[in-house]
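Note sheet for the following structure.
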Amino acid sequence: MRIATWNVNSIRTRHGRVVDWLVNADVDVLAMQEIKCKDEQFPREGLEAAGYEVVTWGLNQWNGVAIASRLPITDVEVGFRGQPGFAKGHEGPDAPLEARALGATIDGVRVWSLYVPNGRALGDPHYDYKLRWLSALADDARAWMAANPGAPMALTGDFNVAPTDADMGDPSFVPGVSTHISPPERAAFAHLESIGLTDVVRPIQPDGYTFWDYKQLRFPRDEGMRIDFILGTPGFADRVVDARIEREQRKGDAPSDHVPVLVELASDEDDDDRPMIF
DNA sequence: ATGTCGGGCTATGCCCGA
């Protein structure tokens, strides 16, 4: 089974490219972020014609997450337990949720499509929200892992954190000043790893960015950032046989500013070593 | 170069978010 994540930056602008890539890359499951539309506006036709079932959580023109799968989808969860909300002038515990997390089970694998808040600037209310959001995500993941020992789960998506210096190649992000590289954000990411989630792509693809800003020739200069990840429980990580960052998807007409990240999983029904398929 | 893209709005440019 091939599972991918992709911040598509508007599915209405990108659906043709998304379907083409899914079919060409033979992807079974795609977690999307920044669909930037309401559920009823999501262009499902091309995906469904290509054999994909689609579940979405889109509230308005901002954020929005979705999962498309060629295998049956069950146990859809809109938002995670304890997910903090956020809205202008509404920063308390009863702030409305944003459409940033969607969970589903596919062929026995729990898959989350996550769009972590950007943070905007150090000290901005959105930055505190980002840290609370990541902390609550870890709490929910830890509770799920305790209740489902050994089970495969992947937290996939745009984490908006560059965990190491090598993951930050955009010179406009300055240590001590900028989001995405601040110690608290990196600690929040490391905390996800400390509860038993593993970046399953990095051991296979140690280099490469997943995002390049549209501005200032960031892609031609390869001044990107590695901020999109697939974090797996041990029961997920043990089945990963290959991984890929689809840099080619940053090229051509109307690309997203992010590229897909995907992994190939061995079947859970046999222990045969699978050949590397990519 | 604040140099690019998305979205909405009531518009044919301006605002917001990334």
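Residue numbers begin at 1 in each chain, while the letters A, B, ... track the order of the sequences.
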* Candidate pair A:Phe80 and A:Trp133, rule ring pair (Phe, Tyr, Trp, His ring centres under 6.0 Å), full reasoning -> CA-CA 10 Å; A:Phe80 59 82; A:Trp133 204 94; 5.0 Å; yes

* **Spacing between A:Gln33 atom CD and B:dG6 atom P, to the nearest angstrom** => 17 Å

* To do: Using the P atom as the reference point in each nucleotide, state the distance between B:dG6 and B:dT10 in Å, no decimals.
  => 23 Å

* **Residues A:Asp28, A:Arg70: salt bridge by 4.0 Å N-O rule** => yes

* Sequence neighbours excluded - side-chain hydrogen bond (donor to acceptor under 3.5 Å, both in side chains) pairs with any residue from residues 115-124 of chain A -> A:Glu34-A:Tyr115

* In whole Å, what is the span from the CD atom of A:Glu98 to the C1' atom of B:dG17? -> 11 Å

* Asked: What pairs of residues pass the salt bridge (charged side-chain N to carboxylate O under 4.0 Å, His left out) test when at least one of them lies in residues 166-181 of chain A, not counting sequence neighbours?
  -> A:Asp167-A:Arg202, A:Asp170-A:Arg218

* Choosing from B:dT2, B:dG7, B:dC5, which nucleotide comes nearest the side chain of A:Gln216? -> B:dT2

* Grab the CZ-P distance between A:Arg250 and B:dT4 for me, whole Å please. => 12 Å

* Nearest-angstrom distance from the residue atom CG of A:Asp213 to P of B:dG17 -> 16 Å

* To do: Please state how far atom CZ in A:Phe159 lies from atom C1' in B:dA18, giving the value in whole angstrom units.
  => 18 Å

* Asked: By side-chain hydrogen bond (donor to acceptor under 3.5 Å, both in side chains), which residues pair with A:Asp39, not counting sequence neighbours?
  -> A:Thr56

* When all nucleic acid strands are considered with a 4.0 Å heavy-atom cut-off, which category describes A:Phe219: base, sugar-phosphate, or nothing? -> nothing

* Charged N to carboxylate O under 4.0 angstrom, A:Arg247 versus A:Asp222? -> yes

* Ignoring backbone atoms, establish whether A:Ser10 has a side-chain N or O less than 4.0 Å from OP1 or OP2 of B:dG7. => yes

* Structure fact -> To the nearest angstrom, the CG-C1' distance between A:Asp257 and B:dC5 comes to 7 Å

* Side chain of A:Arg12 (C-beta onward), nearest among B:dG6, B:dA18, B:dG8 -> B:dG8

* Examine B:dG6: is either OP1 or OP2 under 4.0 Å from a nitrogen or oxygen in the side chain of A:Arg14? Give yes or no. => yes

* With respect to the side chain of A:Lys36, which nucleotide from B:dG8, B:dA18, B:dG6 is positioned closest? -> B:dG6

* To do: Specify the residue among A:Pro255 and A:Arg120 whose closest nucleotide of DNA chain B lies further upstream toward the 5′ end.
  => A:Pro255

* To do: Tell me which residues in residues 54-67 of chain A put a heavy atom below 4.0 Å from DNA chain B, sorted by number, or none.
  => A:Gln61, A:Trp62

* Considering heavy-atom distances to DNA chain B, does A:Asn9 or A:Asn118 have its closest nucleotide positioned more toward the 5' end? -> A:Asn9

* **Atom-pair distance (CD on A:Glu34; P on B:dG7), nearest Å** => 11 Å

* Report the distance from atom CG of A:Asn7 to atom C1' of B:dA18, rounded to the nearest whole Å. => 9 Å

* Asked: Which value, in whole Å, describes the distance between the P atoms of nucleotides B:dT2 and B:dG7?
  -> 24 Å

* Would you mind listing every side-chain hydrogen bond (donor to acceptor under 3.5 Å, both in side chains) that reaches into residues 226-241 of chain A, with sequence neighbours excluded? => A:Thr210-A:Asp228, A:Asp228-A:His258

* Asked: Does A:Trp144 have any ring-ring contact (aromatic ring centres under 6.0 Å, His included) partners at least two apart in sequence or in another chain, and if so, which?
  -> none

